[in-house]
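The block underneath contains the structure these notes are about, expressed in structure tokens.
Protein chains get the first letters and strands the later ones, always in sequence-line order, with residue 1 at the start of each. Computed from a predicted structure; not experimentally measured.
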There are 2 protein chains.
Amino acid sequence: MSTSPAKATKEPRSRPSGGARQRVLDAALDLFAENGVSGTSLQMIADHIGVTKAAVYHQFPSKDEIVLAVLAPGMETLQRSVEEAERLDTPEARRASMLAALVDLVVSHRRIAAILNADPAASRLARSHAALDVAPRIRELMVGTDPDIRSDVAGAMVGGALMMVGLAPELERYDDEELSRHLLELAQDLLSRHAGEA
Amino acid sequence: MSTSPAKATKEPRSRPSGGARQRVLDAALDLFAENGVSGTSLQMIADHIGVTKAAVYHQFPSKDEIVLAVLAPGMETLQRSVEEAERLDTPEARRASMLAALVDLVVSHRRIAAILNADPAASRLARSHAALDVAPRIRELMVGTDPDIRSDVAGAMVGGALMMVGLAPELERYDDEELSRHLLELAQDLLSRHAGEA
DNA sequence: GTCTATAGGGAGATAGAC
DNA sequence: GTCTATCTCCCTATAGAC
């Protein structure tokens, strides 16, 4: 996995920080988080990194592809986490695994998770691109099949809390480790006390 | 306050359901909730009610005014609730009052609350229009001044849960009364157990 | 990898007839 | 209250030079 000197066929040669492509993605993430996907134009992205629109189009064939590339790290991690959790035997283990993965995901990719959850354009694009919509599978992992209202509310509460990590300015100053710990504890507490009897 | 027959100077005459203006607002709320504010054009609003853009512009001078008019019921209620809560004497009473008002607001105006919280264009417009940004005042009412990380996470969790009422499809089927009850109980439980020692 | 230039369309917004 | 017609601007996207 390290930077082997020879035979670096796919890796960007000489690693200039990932290059222009990554600069586009960084700028896009900033702007999507601040203005939403629909509220962000290619001109804004180009201006943000000091080039023209045409230079951006040299890296990506369309705006949709930029959006998908921005969301990709989060989406792939999410999909893997769901599949992993679904392989476990007991409902308790499935929920614990999914919850831990979700907390880790939203903390390490705060803005991506917020965009994916809260931006209608991003959600639609992600759903149309991914093989299967993960939202109902996550819901089942968290509150089981046919949950009662209390489980649904508790589940939504946890989901909302996870979304807020990328939306609430007052959480920005906390580092990943301590934020994860408190989030996980509170979510576990809430779910075990209010979504266990389903 | 009732529909006095004579001297109805300001009320719409003969009350044709509120008329064209209200139909615009209804369509706009539907579309904003589904596509976001930036993802909704005046053409989409006009098409949704079967008229032309010019007819929409006869009711509102600009798109911003439509957005503000859609959000107005929620914003006014919110502002009043904050001021009411701030007048109370003890921190406990302030938090209980604010929480009850928030639950009532997000349940009775589910989609408005979701748009106001999650849509960057809507939030920005609301902040620029309202006299004072209510978000920090609500935060102080809920978790006090200078909260620790656990209080902040608990507060964000409650805030996220309230936002989810208008975003999570699985909560749509529950009626206002029972949803309010469970939301209030869970939020009170969470805050009293994890945001009390600040 | 970045540029200039431009095509083609949809955006917000206005004028004026009915 | 709604229409047709139009303005201007900015959007996504493409072509081709350097």
Quick one: which of [options] gets closest to the side chain of [X]?
X: B/Val51; options: C/dT2, D/dT2, D/dT12; answer: D/dT2
X: A/Thr52; options: D/dT14, C/dT4, D/dC3; answer: C/dT4
X: A/Ser62; options: D/dA13, C/dG12, D/dT2; answer: D/dA13
X: A/Ala54; options: D/dA15, D/dT2, D/dA13; answer: D/dA15
X: B/His58; options: D/dT2, C/dT2, D/dT12; answer: D/dT2
X: A/Gln59; options: D/dA13, C/dA13, C/dT2; answer: C/dT2

Subject >> Beyond-backbone contact of B/Leu167 with B/Arg110, side-chain heavy atoms, under 4.5 angstrom >> reply: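 Of all side-chain heavy-atom pairs linking B/Arg110 with B/Leu167, none is under 4.5 Å.
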
**OP:** Give a yes-or-no answer on whether the side chains of B/His48 and B/Asp26 include a donor-acceptor pair shorter than 3.5 Å.
**Re:**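 No, no side-chain donor-acceptor contact under 3.5 Å.
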
Original post:
Does a side chain donor of either B/His129 or B/Asp64 reach within less than 3.5 Å of an acceptor in the other side chain?
Top reply: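 No - no donor-acceptor pair under 3.5 Å links their side chains.
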
**OP:** Examine D/dT2: is either OP1 or OP2 under 4.0 Å from a nitrogen or oxygen in the side chain of B/Arg21? Give yes or no.
**Re:**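 Indeed not, no polar side-chain atom of B/Arg21 lies that close.
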
Original post:
Is it true that a side-chain atom of A/Arg94 and a backbone atom of A/Ala85 form a donor plus acceptor pair closer than 3.5 Å?
Top reply: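 Not at all, since once roles are kept as given, no pair shorter than 3.5 Å links the two residues.
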
Subject >> DNA chain C contacts among residues 39-47 of chain A, heavy-atom distance under 4.0 Å >> reply: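 Under 4.0 Å from DNA chain C: no residue of residues 39-47 of chain A.
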
**OP:** Carefully, step by step, assess A/Leu105 and A/Leu162 under the rule side-chain contact (heavy atoms from CB on, under 4.5 Å).
**Re:** CA-CA 9 Å; A/Leu105 174 65; A/Leu162 296 176; over 6 Å; no

